[in-house]
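Take a look at the structure below.
Per chain, numbering begins at 1; letters A, B, ... match sequence-line order. No hydrogens, no waters, no symmetry mates; every other heavy atom, side chains included, goes into these values.
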There are 2 protein chains.
Amino acid sequence: MSSLTELAEKVGVSPATVSIVLNNRPLAKRVSAKTREKILVLAQEMNYRPNHMALAMQRQTTQTIAFICGRLNSPFYAELADDLAIAAEKHGYRLMVQMTCWDTGKELEALEMIASRIVDGIVLFSGAFPEQADKIRGLYSSKWPLVVLEQRDEQDISSVNFDIESGMRDLFGYLLSRGFKSVAMADDRRFLPKQNAYRKACEKWSITPEFFDFQYWNSESIEQCARQIALERPEALVIASDYAAAHIISVLGKCGVRIPHDISIASIDGTRWSELYNPPLSAVCQNTQKMAEAAIDEIIRRKANPETLPRNIVIPTELRILNSIASKQNNIQ
Amino acid sequence: MSSLTELAEKVGVSPATVSIVLNNRPLAKRVSAKTREKILVLAQEMNYRPNHMALAMQRQTTQTIAFICGRLNSPFYAELADDLAIAAEKHGYRLMVQMTCWDTGKELEALEMIASRIVDGIVLFSGAFPEQADKIRGLYSSKWPLVVLEQRDEQDISSVNFDIESGMRDLFGYLLSRGFKSVAMADDRRFLPKQNAYRKACEKWSITPEFFDFQYWNSESIEQCARQIALERPEALVIASDYAAAHIISVLGKCGVRIPHDISIASIDGTRWSELYNPPLSAVCQNTQKMAEAAIDEIIRRKANPETLPRNIVIPTELRILNSIASKQNNIQ
DNA sequence: GTGAAAGCGCTAACAC
DNA sequence: GTGTTAGCGCTTTCAC
């Protein structure tokens, strides 16, 4: 409404003077006390607020970081967004959320936000990164502050990943030490990192992999998967995400399968709300706060110094044991 | 990187011409075909993207709406943010998330985003609205596109509310018709609307209110509340939010209290993930999608026409019955 | 057919 | 002590 220039006119000085006073620049000392007073008072009265659009233009920065992801409606992404917002704020940035509904076209479109200077940097959780990695690489001189999450093997783009293999080993180690003889897995076949970690662990301990397939964002398939699990009753089961775990366990419950009495279950994610599940979920915890902080730090580092090499950051996972895993009687070492 | 002016220089025409061509304005027809071609080609080659900061300044709009809330880390707020982002996008707007950690100072600060033209409008979910309503009213000529959620009785500010009283009546009606004789409630004493709805319903059916108190964002208090519930074992219990319900039920589970066998439970919210809880939660559903759409519509309406009166929109609730309520044998009408 | 100029709100460099 | 100027990138009006 009221601009700095208007204010200057009312006070009867130049815009420059007003700017210097309001921002308390060194030069402000050379402005006479009464002029300063007048400016301050009138700014208050007119309810003056600096215009962010003009500031952004002048400073060539929006102080905003975008988080691009599929949807926010599952706890993992919600907590990640939450942590990103907190981390961004610590550095004086705001968070913009851009959802793609896992549509690759929308993903590419959303990435334009940085080229068109809507945001200063982007944290990307891609649904289909491998397929479009080259496009993104082409689009991005790799000078832009872009960080991809959960995409290994992208040396030339900054990334933050969880050390899922080590997490899976921890889980297997725990289960086997407690007397479990086998571990099954439920995951979406299309996404490899967690599956691969599972298979590696199976190999290490000479366990025959047992795999239950479902598709994310497809209730029907998850329910069917749960019914299959109810039939086969693996003694221990690791489920690829908290959200899928919740869905599967709730279906198992309707089928009369009790957790952990009938099946011991661990999930991957370990969101804060999964501690509140019934029963509280054991999990290979992916600490979203650490991921968020690392991602924001990296964005800011690359914004400040675009010439440095991209970093590939790995966040350790932590094993969290709660009630969803049975304590076996015959504790065989 | 590459500006329209640069582009113009390279092509050898004026910025105005380039602008007209790239935006395909009516005047573009009067630009010679080869000039047009040259501009288009070079724009492509130089990877030209319109600079959003300059556009925002020129058009006096950021095409961004802010969602101010405490945190995103509970499902209700996450789903609301998700729905708001979708609704905003339908109208060509982006969503910025500003979290306040329920701090009233931060809330007021966040509201400045609209005066400083960081965003075009604000959807506010306040933790302490009544106390600061006057400040907000003062701050806002009530001309800004501001919508508050879940704050009844604010005639002079646009608001969107759920019809919780009607929802509570539906729930009582259902429970009593199924043979339940009483309904208890667990809520945070400091927040009144849901409690009031509960008490009104109790009055209507001449039921003695039985109230279990807890404090949001205080695990200790929620666990203590759950233990109290485990002791007193009300036959039916309504819990003020999905998040609290999850927490309480998970503690009850550890105490050996089975749902719905020992206690029948309904929550308020009915988020999509509460359907995936174990057991799936019966709920008075607050449809966040409808709330989000109404809020965004109202923001846009007021932005387009600031002189019109603020609206107070009421969204109906829906009763959802799932497994967390026992089916009684003696079905007394 | 195309260009020049002004303006959106602010700041920084330099002038007096 | 304070003002002037130029410029951030774009659009629009009017002139030629």
In a table with atom names and distances, give each donor-acceptor pair under 3.5 Å that connects a side chain of residues 78-86 of chain B to protein atoms at least two apart or in another chain.
from: B/E79; atom 1: OE1; to: B/R272; atom 2: N; distance (Å): 3.0
from: B/E79; atom 1: OE2; to: B/R272; atom 2: N; distance (Å): 3.0
from: B/E79; atom 1: OE2; to: B/W273; atom 2: N; distance (Å): 3.4
from: B/D82; atom 1: OD1; to: A/R71; atom 2: NE; distance (Å): 3.0
from: B/D82; atom 1: OD1; to: A/R71; atom 2: NH2; distance (Å): 2.4
from: B/D82; atom 1: OD2; to: A/R71; atom 2: NE; distance (Å): 2.9
from: B/D82; atom 1: OD2; to: A/L72; atom 2: N; distance (Å): 2.8
from: B/D82; atom 1: OD2; to: A/N73; atom 2: N; distance (Å): 3.2
from: B/D83; atom 1: OD1; to: B/R272; atom 2: NH2; distance (Å): 3.4
from: B/D83; atom 1: OD2; to: B/T288; atom 2: OG1; distance (Å): 2.6
from: B/D83; atom 1: OD2; to: B/Q289; atom 2: N; distance (Å): 3.2

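Neither side chain, B/Q151 nor B/S159, offers a donor N or O lying under 3.5 Å from an acceptor on the other. Residues B/T271 and B/D269 have side chains that never bring a donor and an acceptor to within less than 3.5 angstrom of each other. No side-chain donor from either of B/K10 and B/S2 sits under 3.5 Å from a side-chain acceptor of the other.
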Give the intermediate values and the outcome of salt bridge (charged side-chain N to carboxylate O under 4.0 Å, His left out) for residues B/E293 and B/K290.
-> CA-CA 5 Å; B/E293 282 168 359; B/K290 282 185 189 155; over 6 Å; no

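To the nearest angstrom, C1' of D/dC8 lies 12 Å from CG of A/L55. Distance A/M57 CE to C/dT11 P: 14 Å, rounded to the nearest Å. When the P atom of D/dT11 is taken as reference, atom CE of B/M53 falls 15 Å away, rounded to whole Å. Atom-to-atom, CD of B/E6 to P of D/dG7 comes out at 15 Å; the value is rounded to the nearest Å. Rounded to a whole Å, the CD1 atom of A/I118 is 15 Å from the C1' atom of D/dG9. The distance between atom NE2 of B/H52 and atom C1' of D/dC8, rounded to the nearest whole Å, is 15 Å. Between A/L4 atom CG and D/dG3 atom C1' there is a gap of 14 Å when expressed in whole angstrom units. Between the CZ atom of B/R117 and the C1' atom of C/dC10 there is a distance of 14 Å, given to the nearest Å.
Residues A/R117 and A/Q60 have side chains in contact (heavy-atom distance under 4.5 Å, counting atoms from C-beta outward). Here the side chains of B/F67 and A/V97 are not in contact, with every heavy-atom distance at 4.5 Å or above.
Only A/G12, A/V13, A/S14, A/A16, A/T17, A/R30, A/V31, A/S32, A/T35, listed by number, bring a heavy atom of residues 7-35 of chain A to less than 4.0 angstrom from any atom of DNA chain D. Of the residues in residues 38-49 of chain A, not one comes within less than 4.0 Å of DNA chain D through any heavy atom.
If you find the closest nucleotide of DNA chain C to B/R36 and to A/T5, the one lying nearer the 5' end belongs to B/R36.
Side-chain N or O atoms of B/Q63 include one that pairs as donor or acceptor with a backbone N or O of B/G92 at under 3.5 Å.
Taking 3.5 Å as the limit, the base of D/dG7 and the side chain of A/Q58 contain a donor-acceptor pair of atoms between them.
Of the candidates A/I315, A/V314, A/L149, A/I315 is the only one forming a side-chain contact (heavy atoms from CB on, under 4.5 Å) with A/F162.
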